[in-house]
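Numbering of residues begins at 1 and proceeds along the displayed sequence. Every number for a ligand or one of its atoms is a count from 1 in the order of the listing. The analysis underlying the following values was restricted to heavy atoms, covering all of them including side chains, and did not include hydrogens, waters or symmetry mates.
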Amino acid sequence: MGCESNEELNSFVEEARKYAEKGKVAEYIPALGRANPCDLAIAIYYPNGTCYSAGDVEKKFTLQSISKVIALALVLIDRGRDYVFERVGMEPTGDPFNSIIKLETMAVAKPLNPMINAGALVVTHMIKGNSIGERFERLASFIRTLSGDPSVSYCEEVAQSEYETAHLNRALCYFLKAHQIIKEDIEPLMELYTKQCAIEMNCLDLARIGLVFAMDGVDPINGKQIIPLDVARICKTFMVTCGMYNASGEFAIKIGIPAKSGVSGGIMGAVPCKFGIGVFGPALNEIGNSIAGIKLLELLSEKYQLSIF
Ligand code: GLN
C-alpha cells in the first residue's frame with residue numbers, strides 16, 4: 001500500500017539527496033537563491049492521520065507555483081467552471097512556465113492553462129474580495145483550512161523580493177490587460193500574486209493539503225468536504241497534465257502521481273484514495289522542478305507501485 005516507517009523513508013531521502021548536487025536553486029527571485037541546495041525532506045499523510053516523514057522536515061519553504069492549484073480550487077468554488085474557463089484554458093503548453101509566446105501566437109489571447117504563470121495570474125485576478133488584503137486573506141484562510149494549520153502565513157522577504165523583480169510576470173499581466181482578460185490595475189495584482197506565491201509551510205502541512213486532494217476534497221481527519229468533488233477532480237487533472245511544467249509528460253510516465261511543483265523546490269503529490277505527499281528540495285533541474293525531489297518520488301513510486309495509470 002505504501003511506506004510504513006520513517007526509517008524506510010529516510011533511506012529513500014539519503015539515496016535521492018545525492019542528486020541535489022546536480023541541480024541549482026532558483027536565483028531569479030533573489031531571496032530563493034539563499035536556500036541550501038542540499039536540503040531534502042518528505043512527508044506522507046494517510047487518511048487515518050498517520051504521518052511519516054524524513055529529512056529536513058522542519059524547514060519551511062514558500063509554495064510558489066504550488067499555490068496555483070490551490071488558488072484555482074478557490075476560484076472554481078467562488079465562480080464556477082464556466083466563468084473560470086472562459087478566461088483560462090485547459091490544455092498543456094509544452095513551453096516553460098513563464099513563457100509569453102503562446103499568448104501572442106494563439107488565435108485567442110487567453111492563457112492555455114492555469115498552471116503556467118499567465119494562467120495563474122488570471123486565476124489570482126479572479127479571487128474575490130473588496131481589497132488586496134481581503135483577497136489574500138481569503139486564499140490564506142482556505143490554505144489554513146486545507147493544511148489544518150492555523151499558523152500558515154507568508155514570507156514577507158520572499159514576497160518583496162519577487163515583487164521587486166517580477167518584470168516578466170508584469171509583462172504577462174499587461175499583455176492580458178491589453179486583451180481584456182485582466183481588468184484590474186497590475187501593481188496591486190502583482191502584490192497579491194507575489195504574496196500568494198510566498199505563502200510558506202513545511203512538508204507536513206503540504207502533505208496534508210495533498211491528502212485532501214487525494215481524497216477528492218474531503219479532509220479525512222475531520223470528515224469535512226473542503227473542496228467539492230468536481231473541483232478536486234479538475235485540480236488533480238491539471239496536476240497530471242500540467243503540474244510539473246513542461247516535464248509533466250515525463251513525470252506521468254516515470255512516476256504517475258498527480259503532483260504540483262514550485263521553484264522553491266516544493267512538490268505536492270496526491271495519490272488518489274491513498275495518501276498526500278509533501279516534498280521539499282530546493283536544488284532544481286533545468287525545467288524548474290526539484291531534482292532530488294523527483295528522484296525521491298521516483299524511488300517511492302517504483303517501490304510501492306504508485307502510478308495511477
Ligand atoms: N512565483 C513564481 C513566478 O511567478 C512561481 C513560479 C514557479 O514556481 N514555477 O515566477
Compute whether any side-chain donor of one residue and acceptor of the other, for K68 and S65, lie under 3.5 angstrom apart.
->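 Short answer, yes.
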
Any chance the side chains of Q64 and S264 put a donor and an acceptor closer than 3.5 Å?
->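 No, because no side-chain N or O of Q64 sits under 3.5 Å from a partner of the opposite role on S264.
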
How is the hydrophobic cluster of V263 composed, in terms of its other members, when Ile, Leu, Val, Met, Phe, Trp and Tyr link through side-chain heavy atoms under 4.5 Å apart, directly or indirectly?
->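 Members alongside V263: Y28, I29, L32, F97, V158, Y245, L284, I287.
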
Mind checking who shares a hydrophobic cluster with L204, ILVMFWY linked at side-chain heavy-atom distances under 4.5 Å?
->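 Listed partners: V57.
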
Of all pairs that satisfy ring-ring contact (aromatic ring centres under 6.0 Å, His included), the ones with a partner from residues 134-173, not counting sequence neighbours |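 Non-adjacent pairs meeting ring-ring contact (aromatic ring centres under 6.0 Å, His included): F136-Y154.
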
Give every pair formed by an N or O atom of ligand 1 and a protein N or O atom closer than 3.5 Å, one pair per line with both atom names and the distance to 0.1 Å, or write none.
unit_1   : atom_1 : unit_2 : atom_2 : d
ligand 1 : 1 (N)  : Q64    : OE1    : 2.6
ligand 1 : 1 (N)  : E162   : OE1    : 2.9
ligand 1 : 1 (N)  : E162   : OE2    : 2.7
ligand 1 : 4 (O)  : N117   : ND2    : 3.0
ligand 1 : 4 (O)  : E162   : OE2    : 3.2
ligand 1 : 4 (O)  : N169   : ND2    : 2.9
ligand 1 : 4 (O)  : Y193   : OH     : 2.7
ligand 1 : 8 (O)  : S65    : N      : 3.0
ligand 1 : 8 (O)  : S65    : OG     : 2.7
ligand 1 : 8 (O)  : Y245   : OH     : 3.3
ligand 1 : 8 (O)  : V263   : N      : 2.8
ligand 1 : 9 (N)  : S65    : OG     : 2.8
ligand 1 : 9 (N)  : Y245   : OH     : 2.7
ligand 1 : 10 (O) : Y28    : OH     : 2.5
ligand 1 : 10 (O) : N117   : ND2    : 3.3

Residue among E134, R135, R138 satisfying side-chain contact (heavy atoms from CB on, under 4.5 Å) with K128 =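 For K128, the side-chain contact (heavy atoms from CB on, under 4.5 Å) test succeeds with only one of E134, R135, R138, which is R138.
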
